[in-house]
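Working notes, beginning with the structure itself.
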Amino acid sequence: KWKGEGTTQNLESIVIGRCYDYIRIVNPSVGEKNCSQIWQAFKSAFINKDPCSILPEDYELFINLTLHTIPPNKSLFWENNQLLVNSFAGRGRRYMSLGDTLFGFVGDFLNWCGQADSPGLDYESCPTTVECENNAVESFWRMASITYAQHSSGVIHVLLNGSADGGAYPQPGFFADYEIPNLQKHKISQIIIWVVDDVEGPDRESCGTHSVKTLETRLKTLGYDIICIDNNKSVMFLLCVD
């Protein structure tokens with residue numbers, strides 16, 4: 001048995017349902033999508049395969065079927081604060097984070113894996129990233145992150161957690177390893193970094209210090225125009241409400 005939790009129960013119904021929810025209610029502007037076909041493409045990426053040999057490319061068909069435009073100036077990247085980003089983005093109303101795209105929305109907070117000798121899903125356990133990097137969920141989010149970065153444009157925002165244990169800008173991390181390298185420089189006018197501490201603290205990192213400084217230096221070296229802001233007021237207000 002693997003150490004990770006097994007596939008989320010009713011995965012097929014959830015994925016197809018989320019797909020319809022997205023194209024009908026959350027963001028109808030993306031137009032018609034074939035939700036059954038999207039489920040089949042999603043499933044075929046990992047079903048009947050060794051759960052430790054799933055690659056990001058295996059999700060290519062799924063990504064192609066779910067792809068849509070990400071409006072300029074709406075991209076919101078993040079590390080270590082998923083719930084805050086979800087509420088701050090407001091399901092695409094304020095920003096469109098990865099979880100607010102159709103491909104991210106479908107997989108958010110779910111777990112899944114198959115088995116090499118079975119056409120079914122493994123509901124008992126799935127491998128964690130520590131056990132093997134090329135697992136179904138990790139590879140899915142790598143592919144989704146790469147796609148999201150490639151399609152982001154205009155002024156982009158990055159929301160980092162200044163109270164996080166492992167540093168506000170973790171390396172390795174999705175933003176460091178999959179998103180920054182896939183940004184299309186000619187499409188991006190500015191990068192705004194927000195470093196926000198938890199309301200009760202601690203204040204471990206700020207603009208210009210520790211890992212945030214590492215990030216600022218990296219982006220400047222790549223030629224981006226960047227601004228860093230500590231404890232952006234609107235995000236703080238949202239944290240206070242919570």
Side-chain angles (χ1 to χ4, degrees), residues 55-57 59-60 63 67 69-86 88-89 92 94-101 103-104 129-130 133-134 138-198 201-236 239:
L55 299 174
E57 303 81 78
Y59 289 100
E60 239 165 55
I63 291 288
L67 199 57
T69 306
I70 296 169
N73 313 320
K74 285 273 197 175
S75 291
L76 177 62
F77 294 85
W78 56 273
E79 284 285 5
N80 295 322
N81 48 24
Q82 185 172 10
L83 294 173
L84 174 60
V85 164
N86 278 5
F88 187 56
R94 297 189 198 96
Y95 294 95
M96 188 179 278
S97 68
L98 174 52
D100 304 310
T101 64
F103 48 94
T129 303
V130 175
E133 279 195 22
N134 293 329
E138 182 79 7
S139 290
F140 173 88
W141 287 114
R142 285 179 185 174
M143 189 63 181
S145 293
I146 289 166
T147 308
Y148 180 68
Q150 287 170 339
H151 290 84
S152 292
S153 65
V155 178
I156 65 171
H157 293 84
V158 186
L159 183 54
L160 301 178
N161 184 341
S163 300
D165 259 345
Y169 168 60
Q171 291 175 281
F174 277 87
F175 185 55
D177 301 340
Y178 300 99
E179 292 169 341
I180 294 175
N182 285 290
L183 292 172
Q184 308 293 298
K185 188 162 182 305
H186 62 282
K187 295 200 299 193
I188 291 164
S189 52
Q190 190 176 47
I191 298 179
I192 298 175
I193 303 164
W194 287 323
V195 185
V196 175
D197 301 324
D198 296 340
D203 173 10
R204 288 200 171 96
E205 293 203 25
S206 312
C207 294
T209 67
H210 310 301
S211 73
V212 183
K213 187 174 188 176
T214 307
L215 170 61
E216 290 176 73
T217 306
R218 177 178 181 186
L219 293 174
K220 279 177 186 159
T221 307
L222 290 168
Y224 290 105
D225 171 24
I226 68 157
I227 294 178
C228 187
I229 299 163
D230 282 313
N231 291 322
N232 169 288
K233 258 213 167 96
S234 45
V235 186
M236 292 308 289
L239 278 175

Return the minimal non-hydrogen interatomic distance between [X] and [Y], and the atom names on each side.
{"X": "T147", "Y": "H151", "value": "O-ND1, 2.9 Å"}
{"X": "S206", "Y": "V212", "value": "O-CB, 3.4 Å"}
{"X": "G154", "Y": "N73", "value": "CA-OD1, 3.3 Å"}
{"X": "A144", "Y": "F103", "value": "O-CE1, 3.6 Å"}
{"X": "D177", "Y": "P172", "value": "OD2-CB, 3.1 Å"}
{"X": "L76", "Y": "A89", "value": "CD2-CB, 4.3 Å"}

Stepwise side chain to side chain donor-acceptor pair (under 3.5 Å) check, Q184 with S153
CA-CA 8 Å; Q184 308 293 298; S153 65; over 6 Å; no

Donor-acceptor under 3.5 Å ([X] side chain, [Y] main chain):
{"X": "E205", "Y": "A168", "answer": "yes"}
{"X": "T101", "Y": "S97", "answer": "no"}
{"X": "Q190", "Y": "I156", "answer": "no"}
{"X": "N231", "Y": "D197", "answer": "yes"}
{"X": "N81", "Y": "L84", "answer": "no"}
{"X": "N182", "Y": "E179", "answer": "no"}

Measuring from [X]:[atom1] to [Y]:[atom2], what's the distance to the nearest 0.5 Å?
{"X": "E138", "Y": "T129", "atom1": "CD", "atom2": "OG1", "result": "3.5 Å"}
{"X": "Y148", "Y": "S75", "atom1": "OH", "atom2": "OG", "result": "4.0 Å"}
{"X": "L219", "Y": "I191", "atom1": "CG", "atom2": "CD1", "result": "4.5 Å"}
{"X": "E57", "Y": "I146", "atom1": "CD", "atom2": "CD1", "result": "7.5 Å"}
{"X": "Y224", "Y": "K185", "atom1": "OH", "atom2": "NZ", "result": "6.5 Å"}
{"X": "N134", "Y": "S139", "atom1": "CG", "atom2": "OG", "result": "5.0 Å"}

Between [Y] and [X], is there a side-chain heavy-atom distance shorter than 4.5 Å?
{"X": "I229", "Y": "I227", "result": "yes"}
{"X": "Y95", "Y": "L159", "result": "no"}
{"X": "L222", "Y": "I180", "result": "yes"}

Can you spot which of E216, R218, K213 makes a side chain to side chain donor-acceptor pair (under 3.5 Å) with Y169?
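When E216, R218, K213 are each tested with Y169, the side chain to side chain donor-acceptor pair (under 3.5 Å) holds only for R218.
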
Under the criterion side chain to side chain contact (heavy atoms under 4.5 Å, CB included), I'd like the reasoning laid out for W78 against F175: C-alpha separation, chi angles, the key distance, then a yes or no.
CA-CA 7 Å; W78 56 273; F175 185 55; over 6 Å; no

Could you give me the CA-CA distance, side-chain angles and deciding distance for L160 and V196, then say whether side chain to side chain contact (heavy atoms under 4.5 Å, CB included) is met?
CA-CA 6 Å; L160 301 178; V196 175; over 6 Å; no

Applying side chain to side chain contact (heavy atoms under 4.5 Å, CB included) to S163 and D203, what does each step give before you reach the verdict?
CA-CA 5 Å; S163 300; D203 173 10; 6.0 Å; no

For the residue pair S211 / Q171, report whether a side-chain donor-acceptor contact shorter than 3.5 Å exists.
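Distance-only check fails for Q171 and S211.
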
Step-by-step side chain to side chain contact (heavy atoms under 4.5 Å, CB included) determination, V195 to I193:
CA-CA 6 Å; V195 185; I193 303 164; 4.1 Å; yes

Is the ring centre of W194 less than 6.0 Å from the ring centre of F77?
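No.
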
So does R142 pair up with E133, basic N to acidic O under 4.0 Å?
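The answer is yes: the pair qualifies as a salt bridge.
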
Pair K220 + D225, salt bridge at N-O below 4.0 Å:
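Salt bridge flag = no for D225 with K220.
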
